[in-house]
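Each remark here refers to the structure printed beneath this line.
These figures come from a predicted structure and were not determined experimentally.
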Amino acid sequence: MEELNPSELLKQRLQKLNNIKSLGIEPYPNLFEKEKTISQITKEYFSSESVPEVSDVKIAGRITAKRPMGKAGFLQITDISGKMQVYANDKTLPSEEHEVFMELDIGDIIGALGEPFRTKTGEASIRAREIKLLAKNLSPIPVVKEKDGKVFDAFADIETRYRQRYLDLIVNSEVRNTFLMRSKIISEIRDFMNSKGFLEVETPMMQSIASGAAAKPFKTHHNALDIPLFMRIAPELYLKRLLVGGFEKVYELNRNFRNEGISTKHNPEFTMMEVYQAYADYSHMMKLVEDLFLRLAEKVAGGHEVKYGEHTISFKTPWPQKTYLGIIKEKTNIDFSVYLGNENPPLEEAKKHAEAVGVDTKKCAEFWEVVDEVFSEKVENELIQPIFITEYPKAMSPLSKNIPGNPHLVERFEPYIVGREMGNAFSELNDPIEQNERFKQQLQLKAEGAHETIEMDEDYIEALKVGMPPAGGLGIGIDRLVMLFTNSSSIKDVILFPLLRPKA
RNA sequence: GAGGCGCUAGCUCAGACGGUAGAGCAACUGCCUUUUAAGCAGUGGGUCCCGGGUUCGAUCCCCGGGCGCCUCACCA
């Protein structure tokens, strides 16, 4: 029990708990079998004016409002599907249960059995002839009131909402809806992928080399082997080992971990889907992305349009395409393509161009970092409607395959929606000798001070030497996708328990 | 990591030349047997985020710290 300074509220609740026990009633019974949700009951008994005559409707959920009147009273019960009133008085209930009924609190979980009826104002209700306490609430929940769509005394403190998400879920129905939607979206994605013949697989979350992306990993240690391990920053290289192994269409939908900042768009653990298809290339991945987003829009929003903030996003296919360097030129008039053939493109010149259009390049240590800075400052935010940005410089894409006949550009695209990168895809580099060279170039760039580079993975080169079929690959950030389809502005609003610093 | 803002009752928030605080809801007591932001009457409840300084006196002023939010940086 509570040791230190039980609050007055807690003392009162504990007193009630004892009262209930002294009546011989178990305040935390083992089981109450719920047969129907509130919305099912509503549909079944209250879809017309006249309520069918039955006496044994069973309802269970949490008390979220209480309107007592003398020896009678109404309780508002909320379950996962909705809300319903339960009415009882000293005639409808046995005397002992009536005694408990009178003592019930907002926050208690109860089950009730009784006949459905409409009150004189027409509200769907249950007249209880049996009420069972299922869990006594000792720590009061926020009480939110509502009238005509207007919310009073909203539970709004963001920090408490995230730290005690269960209260947020109990009290704020739009939060509950967002997470119901998240589950639905993820399940739709799996259905979609499975229906296209992709196999869902699981590859290591703990890896001895954190490669496959450019990011800082979390480090841990395995005691028995006495080796360092890293939480994965991407499953990419393992999934491609599976292509070597003969699987032809695989995907993994699970967590990645990156030891980087926290923001409205970043959580250290986030959900990613990666897809690999052998005997395909990036154009197949484009089609897959278009079809997937359109299907999600149809399932979630009932059409090809989704509202996000002030924007209405249309997922009609096909999406437009623009090349990476082309759109930079279009928006800034800087033509970086003239440097493509240059082995060592001049950093200072890039900075001069960038600064001329007002881009701060202080942090950039390398030519292509400057280019990418220009892209994110001057282009990204304007890509509201779905678009594919294509043809990335090879130097920025160490795992992708060249465009045939073009040694400087790779077959790669990134889908952008509402100014955000939603994914990354390319034709997978399967030449082990070239891949080895690309890893080495990454090491070189790192030595020159580039901030994020991809780690060398020699074991992966070994796999490629066995032979990987030509393939297209795709990664999609699922949290951001869910943000888009749930009209959420912070990633914390689509992650049930976002990382927060522990309360001291 | 930097800057800005915030932290007062269980919840939402007021407030005070610096003299240890208040409302609504929730809770408690009484009345009320179809209410629905139920109603009426009454009652209780606070280390005013933490620590230090100034002061006769700090929740308020100053300094330091904690946590959060927003913006920026990095990425997805």
Practice problem: May I have all residue pairs that pass side chain to side chain donor-acceptor pair (under 3.5 Å) and include part of residues 261-275 of chain A, sequence neighbours excluded? | Solution: Arg182(A)-Thr271(A), Arg255(A)-Glu269(A), Glu274(A)-Tyr276(A)
Quiz prompt | Residues in contact with RNA chain B, drawn from residues 89-98 of chain A - heavy-atom cutoff 4.0 Å | solution = Asn89(A), Asp90(A), Lys91(A)
Quiz prompt | Counterpart residues, side chain to side chain contact (heavy atoms under 4.5 Å, CB included), relative to Val57(A) (two or more places apart) | solution = Ile41(A), Tyr45(A), Val54(A), Pro116(A), Ile126(A)
Quiz item: Counting a pair only when it is Watson-Crick or G-U and both distances are under 3.5 Å, which runs of at least 3 such pairs involve RNA chain B?
Solution: B:1-7 with B:66-72, B:10-13 with B:22-25, B:27-31 with B:39-43, B:49-53 with B:61-65
Self-check item: Pair listing, salt bridge (charged side-chain N to carboxylate O under 4.0 Å, His left out) test, anchored in residues 111-128 of chain A, at least two apart
Solution: Glu115(A)-Arg127(A)
Shorter than 3.5 Å, N or O on both sides, protein versus nucleotides 8-14 of chain B: list them out with atom names.
residue : atom : partner   : partner atom : Å
U12(B)  : OP1  : Ala156(A) : N            : 3.4
U12(B)  : OP1  : Asp157(A) : N            : 2.9

Self-check item: Contacts of Lys16(A) that satisfy salt bridge (charged side-chain N to carboxylate O under 4.0 Å, His left out) - sequence neighbours left out
Solution: Asp105(A)
Practice problem: Mind listing the residues from residues 366-398 of chain A sitting with a heavy atom below 4.0 Å of RNA chain B? Number order is fine. | Solution: Glu373(A), Glu377(A)
Quiz item: According to a strict under-4.0 Å criterion, is Lys120(A) in side-chain N/O contact with OP1 or OP2 of U35(B)?
Solution: yes
Using distance only, find each side-chain donor-acceptor pair of residues 483-491 of chain A under 3.5 Å and give its atom names and separation, not counting sequence neighbours.
residue   : atom : partner   : partner atom : Å
Thr486(A) : OG1  : Val482(A) : O            : 2.7
Thr486(A) : OG1  : Ser488(A) : OG           : 2.8
Asn487(A) : OD1  : Gly309(A) : N            : 2.8
Ser490(A) : OG   : Lys492(A) : N            : 3.1

Self-check item: All side chain to side chain contact (heavy atoms under 4.5 Å, CB included) counterparts of Thr160(A), not counting sequence neighbours
Solution: Phe155(A), Asp157(A), Gln164(A)
Give me the distances for all protein-to-nucleotides 39-42 of chain B N/O pairs that come in under 3.5 Å?
none

Exercise. Name all residues meeting the side chain to side chain contact (heavy atoms under 4.5 Å, CB included) criterion together with Glu290(A); count only those two or more places apart in sequence or in a different chain, and write none if there are none.
Key: Lys287(A), Thr317(A), Pro318(A), Trp319(A), Phe388(A)
